[in-house]
Amino acid sequence: MTVAEGSKLDAPSLARVIRGALPGDRARFELHEPWLGDAEREHVLACIDQGWVSSAAPYVERFERELARVSEVRRAVATNSGTAALHIALLLAGVRPGDEVLVPALSFVATANAVAYCGGVPHFVDCSARAFGMDSAALERHLRDSAVGQRGECTTRRTGRRIAAVIPVHVFGHPAELDSLAELARFWGLVLVQDAAQALGTLYGKRPVCHGARLAAVSFNGNKIVTTGGGGAILTDDDDLAERARSLVRTARRAHPLCVSHGEIGFSYAMPGLNAALGCGQLERLEEFVERKRAVARLYARVLPDDCGASLLSEPDGARSNYWLNALVLERSHASERDALLECFHASGVMARPAWQPLHTLPMYQDAPRAPLEVTEDAASRIICLPSSSFLAESGK
Ligand SMILES: *Cc1c(COP(=O)(O)O)cnc(C)c1O
């Protein structure tokens with residue numbers, strides 16, 4: 001993102017311009033609304049007619065197959081939330097109580113919470129100024145300064161705790177620097193777990209972000225590009241990990257024709273069939289959703305004047321972002337005007353929102369270990385997310 005500093009920011013006129021880009025027939029534009037149609041209705045009714053609505057429903061396997069296919073990964077295991085998927089992915093990555101896990105400070109809280117569920121400690125790292133994903137160069141500097149890599153294990157100099165994993169997040173649907181992060185993870189002996197909650201349909205190079213992933217998590221919450229009402233999935237190219245995930249989300253129940261018995265402490269995290277049926281309808285439309293969301297991004301780009309004191313975040317080179325959320329980035333000198341601008345947006349029915357409060361400033365993570373976080377703190381103070389629902393633009397426009 002390049003921002004020419006020095007322009008004046010006129011909040012009411014900026015709000016008018018953005019409102020003007022959106023369809024005229026609505027009074028209010030939420031940040032992200034689901035878009036459900038006939039395909040979803042038919043699948044949900046078929047699911048009810050089958051009588052299988054729980055996690056034992058055939059629709060769950062069907063959804064998992066479809067999801068694995070569009071993600072170009074061998075296996076998908078559907079869960080009842082994206083957070084649950086991330087929790088299981090981290091357990092499978094071998095995160096144990098007391099381990100640290102590298103987490104971007106600019107993310108939704110679930111990324112850090114999933115680490116805490118494992119008894120681990122999130123170790124916050126900075127984002128890049130270009131696309132707000134984890135900054136691999138800054139991370140490399142930080143590890144050199146503060147960690148020791150020995151015999152395939154990485155420990156911190158300060159606490160001696162093991163750093164077990166690293167979780168890149170594809171912020172706003174723009175792919176993180178996966179190649180360099182994967183190389184860093186290999187060098188330091190960290191397991192890379194993708195938090196791809198926002199990035200279904202995003203291509204890194206020419207392939208879906210989770211293509212070939214050892215461990216990744218996606219979300220189907222109501223505000224994601226594809227929704228199941230609520231839900232998520234663990235994606236993996238490893239059949240053994242997929243079997244372990246499948247067992248763990250289903251209370252680790254042992255296969256037995258008669259007895260109910262469990263081999264370890266599992267979780268009740270499986271996705272119900274009704275949600276999977278809705279998801280089957282949504283997945284059929286994924287490409288259309290991506291095309292339309294990219295058209296929403298073009299709509300905003302077309303109307304935003306040069307020299308208005310803000311610019312739009314665009315996808316990194318060599319990627320096809322799903323533009324899950326369009327981000328308006330204010331010039332640094334206008335950070336203090338962010339909330340006044342938000343009020344102007346809301347007054348005109350544009351329910352824009354700031355980025356997440358950086359995770360290291362939340363009460364439960366205030367004492368968590370961290371790298372220098374200047375870019376995160378600066379970026380979070382001047383990002384405004386704009387309404388980005390798929391139906392706001394027609395594809396091709
Ligand atoms: C949505 C999201 C999740 C998971 O959310 P659920 O609501 O549990 O499905 C995790 N990480 C990020 C970055 C997200 O945006």
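Everything numeric here is computed off the predicted structure, so don't read it as measured data. Atoms within each ligand, like the ligands themselves, are counted from 1 in listed order.
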**OP:** Report yes if some N/O of Asp195 lies less than 3.5 Å from some N/O of ligand 1; otherwise report no.
**Re:** yes
Subject >> Over 12 non-hydrogen atoms of neighbours within 6.0 angstrom of CG in Asp367 >> reply: no
Original post:
Which of the atoms in ligand 1, numbered in the order shown and given with their element, are less than 4.0 Å from a heavy-atom of Asn221?
Top reply: 7 (O), 9 (O)
Original post:
Does an N or O anywhere in Trp324 fall below 3.5 Å from an N or O of ligand 1?
Top reply: no
Subject >> Sub-4.0 Å atoms of ligand 1 with respect to non-hydrogen atoms of Val169 >> reply: 13 (C)
Subject >> Heavy atom of Ala85, distance to ligand 1 below 4.0 Å >> reply: no
**OP:** Pick out which of Arg294, Lys293, Arg320 makes a salt bridge (charged side-chain N to carboxylate O under 4.0 Å, His left out) with Glu315.
**Re:** Arg294
Subject >> Pair His211-Tyr204, side chain to side chain donor-acceptor pair (under 3.5 Å): steps then yes or no >> reply: CA-CA 9 Å; His211 160 70; Tyr204 179 71; over 6 Å; no
**OP:** For atom 1 (C) of ligand 1, grab the closest protein heavy atom and report residue, atom and distance to one decimal in Å.
**Re:** Lys224 NZ, 1.6 Å
**OP:** Scan side-chain atoms only and decide if Ser321 and His174 contain a donor-acceptor pair under the 3.5 Å cut-off.
**Re:** yes
Original post:
Can an N or O of Trp356 be found at a distance shorter than 3.5 Å from an N or O of ligand 1?
Top reply: no
Original post:
Which of these passes side-chain contact (heavy atoms from CB on, under 4.5 Å) with Pro168: Val103, Leu181, Val209?
Top reply: Leu181
Original post:
In this structure, which one of Asp239, Asp240, Asp238 forms a salt bridge (charged side-chain N to carboxylate O under 4.0 Å, His left out) with Arg74?
Top reply: Asp239
Original post:
Taking the six-membered ring for Trp, are the ring centroids of Trp356 and Phe172 within less than 6.0 Å of each other?
Top reply: yes
Original post:
Between Phe220 and ligand 1, does any nitrogen or oxygen pair lie at a separation below 3.5 Å?
Top reply: no
Original post:
What residues form a side-chain contact (heavy atoms from CB on, under 4.5 Å) with Arg254, not counting sequence neighbours?
Top reply: Ser261
Original post:
Nearest protein heavy-atom contact for atom 8 (O) of ligand 1: which residue, which atom, what distance?
Top reply: Thr83 OG1, 2.5 Å
**OP:** Enumerate the atoms of ligand 1 whose separation from the nearest heavy atom of Gly231 is less than 4.0 angstrom.
**Re:** 9 (O)
**OP:** Around atom 15 (O) of ligand 1, find the nearest protein heavy atom and jot down its residue, atom name and distance.
**Re:** Gln198 NE2, 2.8 Å
Subject >> Whether Ser107 lies under 4.0 Å from ligand 1, heavy atom >> reply: yes
Subject >> Ligand-side contact atoms (ligand 1) for residue partner Ala197, heavy atom cut-off under 4.0 Å >> reply: 2 (C), 3 (C), 10 (C), 11 (N), 12 (C), 14 (C), 15 (O)
**OP:** Please determine, by modelled atom types, if Glu284 and His43 share a side-chain donor-acceptor pair under 3.5 angstrom.
**Re:** yes
Original post:
Short list, please: which atoms of ligand 1 are under 4.0 Å from a heavy atom of Ser81?
Top reply: 8 (O), 9 (O)
